[in-house]
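To keep things clear, I will list the structure first and then write my remarks on it.
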Amino acid sequence: MRGLIPGHMSQTMKIASWNVNSIKARLDHVKAWLDSQKPDILLLQELKGLDFPYDVFDAMGYRCAAVTQKAYNGVAILSRHEIGLIHEKLPGMDHDEQARYIEADINNVRVIGIYAPNGNPVDSEKFPYKLTWLEHLKNRLAALRADRVPVVIGGDFNIIPDDHDCHDPQVWAGDALFRPESRRLYRAMLNLGYSDAFRVRTQNGGHYTFWDYQGGAWPANKGIRIDHFLLSPCIADRLQSCTIDKEPRGLEKASDHTPIIVTIAAPAKEG
DNA sequence: ATGGCTTTATGCTAAAGA
């Protein structure tokens, strides 16, 4: 056999996602986490401001693409590989002013980072906005499937997929994150052929990515699983692991979310 | 629970989050 293709192409890709609840407030946590985990790609959500510290991450060897707005929302991609930006708005919602979507080609994989709308309270305009946004996301994922694009989509979906993905379904009944309409759209995305990477590797419940600041939710482990990675079939075949790193949630001045990490094996050699 | 924290914005309070 000829020599391996040089560089990262021949190696596992480690991709993480983290809702940091303000990149400004969490910059030291993110830097320390990058130093210890050394992901190839990190998707960030809830940047919560116009400014993005491109120079800080550049000095650490990460290229950056960020979609920001004043005070709210905001998503970014950090990558050790070149980032080929494809979209900064969710297709079909091009006039939406909220910074919730970023799509790029990285290392021959289509990488999408999302911060889906919360949707509460459900009797406000925020809930139909959430469902409309998710409907457009489903349409985008359907189009990428039709084109057989290898996709890794990660981020804060703001959806609790199943009863055992929260500490107490009765507490969350009626919440926008748990409403049947939201969960139905999540299932519809899976039914396009995408895999919930964490669920593929871990079938039992009680694994969470978010714990509320209030009410002692973290020490009581009253959490919910709302940050996800979905993988298109060819990528799912290469899935090596999907884990939740709870450690950052226990730090002082922590985000209320903690990172989720997937590792994807190199594509099979041809010939 | 009628949100008990946390963050942003230019602030002495509101809005949003999940």
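In what follows, chains are A, B, ... by sequence order, proteins preceding strands, each numbered from 1.
Distance A/Asp256 CG to B/dA16 P: 17 Å, rounded to the nearest Å. When rounded to the nearest whole Å, the span between CD1 of A/Ile226 and P of B/dG17 equals 12 Å. In this structure, A/Gln45 atom CD and B/dG17 atom C1' are separated by 14 Å, rounded to whole Å. One can place CD1 of A/Ile159 at 15 Å from P of B/dG17, the figure rounded to the nearest angstrom. Atom CH2 of A/Trp211 and atom P of B/dT6 are 16 Å apart (whole Å). As rounded to whole Å, 13 Å separates atom P of B/dC5 from atom OH of A/Tyr213. Going from atom CZ of A/Phe210 over to atom C1' of B/dG17 covers 8 Å, rounded to whole Å. Atom CG in A/Asp212 sits roughly 10 Å away from atom P in B/dG4 (whole-Å rounding).
Comparing A/Leu177 and A/Gly215, the nucleotide of DNA chain B nearest to each residue sits closer to the 5' end for A/Gly215.
Membership of the apolar cluster around A/Ile261 extends to A/Trp18, A/Val20, A/Ile23, A/Leu27, A/Val30, A/Trp33, A/Leu34, A/Leu42, A/Leu44, A/Leu47, A/Phe52, A/Tyr54, A/Val56, A/Phe57, A/Met60, A/Tyr62, A/Leu78, as traced through chained side-chain contacts below 4.5 Å between ILVMFWY residues. Chaining together hydrophobic side chains whose heavy atoms lie under 4.5 Å apart leaves A/Tyr72 on its own. Under the 4.5 angstrom side-chain criterion for Ile, Leu, Val, Met, Phe, Trp and Tyr, A/Tyr213 has no cluster partners at all.
Contact annotation for A/Tyr115: backbone-only contact, meaning every heavy-atom pair under 4.0 Å involves sugar-phosphate atoms and none involves a base. No engagement by A/Asp51 is indicated, since no non-hydrogen atom pair under 4.0 Å with the nucleic acid exists. The residue A/Asp227 sits apart from the nucleic acid: no heavy atom pair falls under 4.0 Å.
Of the residues in residues 168-176 of chain A, those placing a heavy atom less than 4.0 Å from an atom of DNA chain B are A/Trp172, in numerical order. Residues of residues 120-136 of chain A having a heavy atom closer than 4.0 Å to DNA chain B, listed by number: A/Asn120, A/Lys126.
For the OP1/OP2 pair of B/dT6 and a distance below 4.0 Å, the side-chain nitrogens and oxygens of A/Arg26 include no atom meeting the criterion.
Between B/dT10 and B/dA15, the two P atoms lie 15 Å apart (nearest whole Å). If you take atom P in B/dA14 and the same atom in B/dG4, they sit 14 Å apart, rounded to whole Å.
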Please list, pair by pair, any protein nitrogen or oxygen found under 3.5 Å from a nitrogen or oxygen in nucleotides 8-12 of chain B.
unit_1 : atom_1 : unit_2  : atom_2 : d
B/dT8  : OP1    : A/Ser22 : OG     : 2.6
B/dA9  : OP1    : A/Ala71 : N      : 2.8
B/dT10 : OP1    : A/Lys70 : NZ     : 3.0

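Shown here are the side chain to side chain donor-acceptor pair (under 3.5 Å) partners of A/Trp218, two or more places apart in sequence or in another chain: there are none. Not counting sequence neighbours, A/Arg63 has no partner by the salt bridge (charged side-chain N to carboxylate O under 4.0 Å, His left out) test. Taking A/Phe210 as the reference, A/His257 meet the ring pair (Phe, Tyr, Trp, His ring centres under 6.0 Å) condition, with sequence neighbours excluded.
Test A/Asp162, A/Thr209, A/Asp165 against A/Arg225 for side chain to side chain donor-acceptor pair (under 3.5 Å) and you get one pass: A/Asp165.
The ring pair (Phe, Tyr, Trp, His ring centres under 6.0 Å) contacts involving residues 138-166 of chain A comprise A/Phe157-A/Tyr186, A/Phe157-A/His228, where partners must be two or more places apart or lie in separate chains. Residue pairs meeting the salt bridge (Lys or Arg N to Asp or Glu O under 4.0 Å) criterion with at least one partner in residues 24-35 of chain A, sequence neighbours excluded, are absent. Within the structure, ring pair (Phe, Tyr, Trp, His ring centres under 6.0 Å) contacts touching residues 88-114 of chain A (residues at least two apart or in different chains) do not occur.
Side-chain N or O atoms of A/Ser182 include one that pairs as donor or acceptor with a backbone N or O of A/Ala176 at under 3.5 Å. At distances below 3.5 Å, not a single donor-acceptor pair connects side-chain atoms of A/Lys253 with backbone N or O atoms of A/His29.
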